[in-house]
**Student:** 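I have a structure here, written as structure tokens, and I will follow up with some questions on it.
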Number of protein chains: 2
Amino acid sequence: MIYDVMKKLKEKGYRITPQRRIIMEKIVQTAGLLTADEIWNLVRQEYSDIGLDTIYRNINMLTENGVLIPITGMGKERTRYELAHANHHHHVVCVKCGNAVCIDYCPIDEEFIKLLRKSGYELIRHNVELLGLCAKCKLCEENR
Amino acid sequence: MIYDVMKKLKEKGYRITPQRRIIMEKIVQTAGLLTADEIWNLVRQEYSDIGLDTIYRNINMLTENGVLIPITGMGKERTRYELAHANHHHHVVCVKCGNAVCIDYCPIDEEFIKLLRKSGYELIRHNVELLGLCAKCKLCEENR
DNA sequence: GTTGCTGCAAAATGTTTGCAGCTTT
DNA sequence: AAAGCTGCAAACATTTTGCAGCAAC
């Protein structure tokens, strides 16, 4: 998995530095939604001298090359990144505690894409921002 | 329209300052997606001494009180605000030129809300981020 | 007269960039 | 050796905050 990505990047002229490799490893290991900051903290456990700017430069590069997908609009949270290879899904985020779960179903179907085409737009990318109340926080609300 | 909002805010203990009124007026007049910065520029035409911080304080207040809805994830753009009373819709944004159009249809239906409930989440708010290529930019792409 | 709101300045936050030196190729 | 990559520091962009004075009630 990591090797395939690395190979592809290498073919494109990118170099495989230890920093780059560890960043990828951590993202693959976690297999979740991560912020630049969270990636930084994970990577620093193994490579303490890495700068946050290197993290940013790399996640931007990986995003441009289709390895990562940026998930914006998680409430007031900053952008999170996810591996692109994962099967397409969305997330519900709890407005109280910030916890998120994956939703495997996607409401953007062929019909909807056709509708957009009629409006003159060819859909390239989409992201469904879902904010809700998780079971736990809902209970807390009710008991007040 | 503006009077109803003002009345409600007044009842909640907020004061009606000229700044606040002009901010509301400009947003209602424009009836579109506006950034804090754009609102600032509109308001300054009439009230040149207003600070950007006042704009921020007011849009935050109006958002907390359900008058405005924040629309995040417009590509790499910053948060835009829209009047909450407008009938529910979404937007497609062109990745090239940044132009957006409203899409009156919403793919988040009752079925989907039930599905989320099964996952333990009660949906509160949603936003569908759609990035595409507009007709104009698509033409440019093809002619290269 | 209270209390809230504003403008100012400063801070906080999140991200990007210029540069010199180092590493990968 | 050449190119790209890193760390550092500084810049940048956006948003928030402390405070003193002012305005709405």
**Student:** Could you check whether A:D37 gets within reach of a base, just the sugar-phosphate, or nothing at all, counting any heavy atom under 4.0 Å?
**Tutor:**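 Here A:D37 touches no strand at all.
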**Student:** Who are the ring pair (Phe, Tyr, Trp, His ring centres under 6.0 Å) partners of A:F112, not counting sequence neighbours?
**Tutor:**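 B:Y105.
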**Student:** Please give, in whole Å, the distance from D:dC5 P to A:R21 CZ?
**Tutor:**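 Rounded to the whole Å, the gap is 14 Å.
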**Student:** Base of C:dG4, side chain of B:R20 - is there a donor-acceptor contact under 3.5 Å?
**Tutor:**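 Absent.
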**Student:** Nearest whole Å is fine: how far is D:dG4 P from A:M6 CE?
**Tutor:**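 Rounding to the nearest Å, CE of A:M6 and P of D:dG4 are 18 Å apart.
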**Student:** Could you tell me the separation between the CD1 atom of B:I22 and the C1' atom of C:dG7, rounded to a whole number of Å?
**Tutor:**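 Value for this atom pair: 15 Å.
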**Student:** Could you state the atom-to-atom distance from OH of A:Y56 to C1' of D:dT6 in whole Å?
**Tutor:**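 My rounded result for the distance is 17 Å.
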**Student:** How is B:D49 classified with respect to the nucleic acid when contacts are heavy atoms under 4.0 Å: base, sugar-phosphate, or nothing?
**Tutor:**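 The residue B:D49 makes sugar-phosphate contact but no base contact.
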**Student:** Could you please spell out the steps behind the side-chain hydrogen bond (donor to acceptor under 3.5 Å, both in side chains) verdict for A:N41 and A:R44?
**Tutor:** CA-CA 5 Å; A:N41 285 320; A:R44 275 198 293 182; 2.8 Å; yes
**Student:** So, is B:T79 close to the D:dT14 phosphate, meaning a side-chain N or O under 4.0 Å from OP1 or OP2?
**Tutor:**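 No, no such contact exists.
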**Student:** Hey, what's the ring geometry for A:H126 with A:H88, parallel, tilted or perpendicular (30° and 60° as the breaks)?
**Tutor:**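 Answer is perpendicular, since the angle exceeds 60°.
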**Student:** Within the pair A:T54 and D:dG7, is there a side-chain N or O less than 4.0 Å away from OP1 or OP2?
**Tutor:**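 Yes, A:T54 has a side-chain N/O under 4.0 Å of OP1/OP2 on D:dG7.
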**Student:** To the nearest 0.5 Å, how far apart are CD1 in B:I55 and CD1 in B:I23?
**Tutor:**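 CD1 of B:I23 is found 4.0 Å from CD1 of B:I55.
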**Student:** Please determine whether a side-chain nitrogen or oxygen atom of B:Q19 lies at a distance below 4.0 Å from atom OP1 or OP2 of D:dA23.
**Tutor:**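 For B:Q19, the contact criterion (side-chain N or O under 4.0 Å from OP1 or OP2 of D:dA23) is not met.
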**Student:** Where each residue is assigned the nucleotide of DNA chain D containing its nearest heavy atom, which of B:I16 and B:L52 is assigned the position nearer the 5′ end?
**Tutor:**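 By nearest-heavy-atom nucleotide position, the 5'-most residue is B:L52.
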**Student:** Figure out the CH2/C1' separation between B:W40 and C:dC8, and round it to whole Å.
**Tutor:**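 Going from CH2 in B:W40 over to C1' in C:dC8 covers 12 Å.
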**Student:** On DNA chain C, nearest-nucleotide positions of B:G13 versus B:Y47: which is more 5'?
**Tutor:**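 Going by which nucleotide is closer to the 5' end, it is B:G13.
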**Student:** With nearest nucleotides of DNA chain D determined for A:D53 and A:M61 from heavy-atom distances, which residue corresponds to the more 5′ nucleotide?
**Tutor:**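 Checking each residue's closest nucleotide, the 5'-ward one belongs to A:M61.
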**Student:** Would you indicate whether the side-chain heavy atoms of A:I71 and A:H90 approach each other to under 4.5 Å?
**Tutor:**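 A:H90 does not reach A:I71 side chain to side chain.
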**Student:** Grab the CG-P distance between A:N41 and C:dG14 for me, whole Å please.
**Tutor:**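 In whole Å, C:dG14 P and A:N41 CG are 12 Å from each other.
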**Student:** Please name the pair of heavy atoms, one in B:P18 and one in B:Y47, separated by the smallest distance, quoted to 0.1 Å.
**Tutor:**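 Taking every non-hydrogen atom into account, CB-CE1, 4.0 Å.
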**Student:** Tell me which nucleotide among C:dT16, D:dA2, C:dT2 gets nearest to the side chain of A:R15.
**Tutor:**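 Closest nucleotide to the A:R15 side chain: D:dA2.
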**Student:** Does any donor-acceptor pair link the side chain of B:N58 with the base of C:dC5 at a separation under 3.5 Å?
**Tutor:**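 Absent.
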**Student:** Considering only heavy atoms and no angle criterion, is a donor-acceptor pair shorter than 3.5 Å present between the side chain of B:R57 and the base of C:dG4?
**Tutor:**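 No, the side chain and the base share no sub-3.5 Å donor-acceptor pair.
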**Student:** Which whole-number value in Å describes the distance from B:K10 NZ to C:dT3 P?
**Tutor:**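 Rounded to the whole Å, the gap is 19 Å.
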**Student:** For the pair made of CD in B:E11 and P in C:dG4, what is the distance, rounded to whole Å?
**Tutor:**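 In whole Å, C:dG4 P lies 17 Å from B:E11 CD.
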**Student:** So, OP1 or OP2 of C:dG14: does either fall under 4.0 Å of a side-chain N or O from A:R78?
**Tutor:**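 Answer yes for this pair, as a side-chain N or O of A:R78 is under 4.0 Å from OP1 or OP2.
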